[in-house]
Amino acid sequence: MVTTALFMEQLDSTIVNTAIPAMAASLNVTPLSLKAVVTSYILSLAVCIPISGWMADRFGTRRVFSAAVAIFTIASILCGLSVNAPMLVAARLLQGMGAAMMMPVGRLTIIRTFPKSQLLAAMNFVIIPALIGPLLGPTVGGLIVHWLSWREIFFVNVPVGLAALYLAHRYMPDYYGDKPRPLDLIGLVLFGTGIALLSWLLEIFGEHKIDATSAAVLLFISISLLAAYAWHSSEVLHPLLRLTLFKIRTFRVSVVGGFVTRLGVGGLPFLLPLLYQLGLGLPAWQSGLLMMPSAAAAMGMKFISARVLARFGYRQVLIVNTVLIGVTIAMFSQVSAGTPLYVIVAISLCMGFFNSLQFSSMNTIAYADVDKTDSSMASTIASSMQQLSMSFGLAFGSLITGWYLGDMPQSDRAMLSTALHHAFLTLAALTVLSSLTFWTLRRDDGESISKGTDSEEEDAADIKAQAVVQTEVQTTKG
C-alpha cells in the first residue's frame with residue numbers, strides 16, 4: 001500500500017521533469033524559469049511535512065494517509081487543467097501538501113510495524129516496486145508529450161490514486177501516538193516562514209535581477225526566523241521539531257550529511273532533461289528513455305544493498321559511495337552531441353546504482369539509535385530535511401547553470417551545453433566534499449540495522465508495544 005503511494009509520487013516527479021521543455025513552450029516561458037513548477041512542489045513538502053507526524057499521532061495513520069492521497073489526486077487533476085504558469089505552480093503547491101502527509105506517514109507506519117533488525121529489508125521491499133515509477137516515468141512522460149500534450153501527464157495519477165485509496169481503506173494500520181501533544185503553532189510559523197523565504201530567495205535570485213542589499217536583508221530575515229525557531233524549540237515542552245534528536249550521532253550524521261549530499265544530486269533530475277533535449281537536441285521520448293537506466297540500476301541495487309552494508313558497514317559505504325557519486329556527476333560534463341548513446345547509458349547506470357545505495361544507507365541509519373517512542377518525530381525531521389535539501393539542490397543547480405550561462409540566450413544550444421557542463425562539475429565537487437561529513441561515524445554504527453544485532457528482548461518489546469497500542473486503539477474505537 002505504501003509502495004503504491006510512493007509509486008504515484010515518483011511517477012509524477014519523473015514525468016514532470018521530462019515535460020519541462022514542452023511546458024515552457026506551451027506556457028511561453030523559458031525552461032529554467034519553470035524550475036518553480038518543481039521547486040514549489042518540493043518547497044510545499046518541506047513546509048508541510050513537519051505537521052505530518054503530529055497529524056498521524058492525533059488522527060491516526062489511516063485517516064491522514066487516505067486524506068493525503070485524495071488531496072494529491074485532486075491536485076494532479078488541477079495541474080492538468082492549468083492555463084498558465086502561476087496556476088500550475090499553485091496546483092503543484094497543493095500537490096506537495098498531499099505528498100507531505102502521504103509519504104512520511106507511510107514511512108512512519110513501516111517504522112512502527114517492523115523492529116530495527118528488519119527495517120532495512122522492509123524499506124527495500126517498499127522501494128523496489130516503487131522504483132517502477134522512475135523507470136516508467138521518463139518514458140511514459142516522453143511518449144505522452146510527444147504524441148499528446150504535457151497536460152495528460154498529470155492525469156496518469158488519477159487511477160493510481162484511486163487504487164491507493166482503496167488499499168488504504170482496506171489494509172492501512174491505524175496507529176496513534178502514545179500520548180497526544182499540542183500542535184506547536186508558533187514553531188510552525190517560524191520554521192515554515194523561514195524555510196519558505198529562504199527557498200524563495202534562492203529562486204528569485206537566480207531568475208531576476210536583485211540588488212545585494214535586498215538579497216542580504218531577505219537572507220538575514222530567513223536565517224533569523226530559523227534561529228528563532230531553534231531557540232523556541234528549546235523552550236517549549238512539545239516543539240514542532242525536537243532538535244535534541246540531533247544529539248544522537250547516527251541520526252545527526254544521516255540528516256546533516258544527507259542534506260549536504262543532496263545539494264549536489266538534487267539538481268540532476270531537472271538539469272539532465274535540459275541537457276538531453278536542449279543541449280543535445282533529442283526529442284522528449286528519447287530523453288525519457290535515457291532517464292530509464294538510472295532507475296533500473298537503482299532497482300537492482302536494492303537487492304544487494306543489505307549485503308553490501310552488512311559486509312562493509314555504514315561508515316565505509318557512505319564515505320566511498322559519496323565520492324563515487326561525485327565522480328559520476330562529473331562524467332555528465334563530458335556528454336555532448338557526439339557522445340555515443342551507450343556511454344550515456346553507462347553513466348546513467350552508475351548514477352542510479354550509487355544513488356540507490358546512498359539513499360538506502362542514509363535513510364535507514366537515521367533510525368539505528370532512535371527509540372520507538374521518538375520514531376514519529378525522527379521521521380518528521382528526516383523527511384523535512386530530505387525534501388528541503390532536494391529543493392535547495394534543485395535551486396542551486398539551476399542557479400549555477402544560469403550563472404555560467406550569463407546573458408546568453410537559452411536557445412543557444414552550444415552555450416547552454418557548456419553552462420550545464422560547468423554546473424555538473426560544480427555539483428560533483430560539492431558532492432565529493434560532502435563525503436567528509438560521514439567520517440564522524442564509527443565502524444559499528446548502524447549494525448542494529450545492517451547486521452540485525454537487535455537483541456531478542458528488544459524485538460519482543462517492540463512487538464509487545466505495538467500490540468498494546470493496537471489494543472488501545474481498538475478499545476478507543478469500541
With sequence neighbours left out, which residue pairs that include part of residues 236-245 fulfil the side-chain hydrogen bond (donor to acceptor under 3.5 Å, both in side chains) condition?
R242-D374
So, taking the atom named [atom1] in [X] and the one named [atom2] in [Y], what distance separates them when rounded to the nearest 0.5 Å?
{"X": "I195", "Y": "Y229", "atom1": "CD1", "atom2": "OH", "result": "11.0 Å"}
{"X": "L430", "Y": "R262", "atom1": "CG", "atom2": "CZ", "result": "13.5 Å"}
{"X": "I223", "Y": "L218", "atom1": "CD1", "atom2": "CG", "result": "11.0 Å"}
{"X": "I325", "Y": "F354", "atom1": "CD1", "atom2": "CZ", "result": "8.0 Å"}
{"X": "W403", "Y": "H422", "atom1": "CH2", "atom2": "NE2", "result": "10.0 Å"}
{"X": "F65", "Y": "M102", "atom1": "CZ", "atom2": "CE", "result": "6.5 Å"}

Under 4.5 Å between any side-chain heavy atoms of [X] and [Y], yes or no?
{"X": "L241", "Y": "S233", "value": "no"}
{"X": "P239", "Y": "V236", "value": "yes"}
{"X": "S76", "Y": "Q95", "value": "yes"}
{"X": "L416", "Y": "L420", "value": "yes"}
{"X": "F59", "Y": "W54", "value": "yes"}
{"X": "F424", "Y": "L268", "value": "yes"}
{"X": "S254", "Y": "Y314", "value": "no"}
{"X": "F438", "Y": "R315", "value": "no"}

Taking all non-hydrogen atoms of both residues into account, name the closest pair between [X] and [Y] and its distance.
{"X": "S360", "Y": "T364", "answer": "O-OG1, 2.7 Å"}
{"X": "L240", "Y": "D184", "answer": "N-OD2, 3.0 Å"}
{"X": "V432", "Y": "G326", "answer": "CG2-CA, 3.9 Å"}
{"X": "S361", "Y": "L318", "answer": "CB-CD2, 3.5 Å"}
{"X": "A423", "Y": "T401", "answer": "CB-OG1, 3.3 Å"}
{"X": "L94", "Y": "L78", "answer": "CD2-CD1, 3.9 Å"}

Evaluate side chain to side chain contact (heavy atoms under 4.5 Å, CB included) for S66 paired with M172, printing each intermediate quantity in order.
CA-CA 9 Å; S66 299; M172 185 68 172; 5.8 Å; no
Evaluate whether atom [atom1] of [X] has more than 12 neighbouring non-hydrogen atoms of other residues, nucleotides or ligands under 6.0 angstrom away.
{"X": "R63", "atom1": "CZ", "answer": "no"}
{"X": "M97", "atom1": "CE", "answer": "no"}
{"X": "I319", "atom1": "CD1", "answer": "yes"}
{"X": "R442", "atom1": "CZ", "answer": "no"}

Given side chain to side chain contact (heavy atoms under 4.5 Å, CB included), test S434 with T431 step by step and report yes or no.
CA-CA 5 Å; S434 71; T431 303; 4.3 Å; yes
Please determine whether side chain to side chain contact (heavy atoms under 4.5 Å, CB included) holds for the pair T328 and F353, giving the CA-CA distance in whole Å, both sets of side-chain angles, and the decisive distance to 0.1 Å.
CA-CA 10 Å; T328 306; F353 197 75; over 6 Å; no
Sorted by chain and number, sequence neighbours left out, ring-ring contact (aromatic ring centres under 6.0 Å, His included) with F251 holds for F246
Out of L425, L271, T426, which residue meets the side chain to side chain contact (heavy atoms under 4.5 Å, CB included) rule with I400?
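Only match with I400 under side chain to side chain contact (heavy atoms under 4.5 Å, CB included): T426.
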Give a yes or no answer on whether the side chain of [X] reaches the backbone of [Y] with a donor-acceptor pair at less than 3.5 Å.
{"X": "T193", "Y": "L190", "value": "no"}
{"X": "S222", "Y": "L219", "value": "yes"}
{"X": "T261", "Y": "G258", "value": "no"}

Would you sort out whether F359 and N355 count as a side chain to side chain contact (heavy atoms under 4.5 Å, CB included), showing the intermediate values?
CA-CA 6 Å; F359 294 149; N355 266 349; 4.3 Å; yes
List the steps, then state whether side chain to side chain donor-acceptor pair (under 3.5 Å) holds for T250 with D369.
CA-CA 7 Å; T250 50; D369 301 315; 2.8 Å; yes
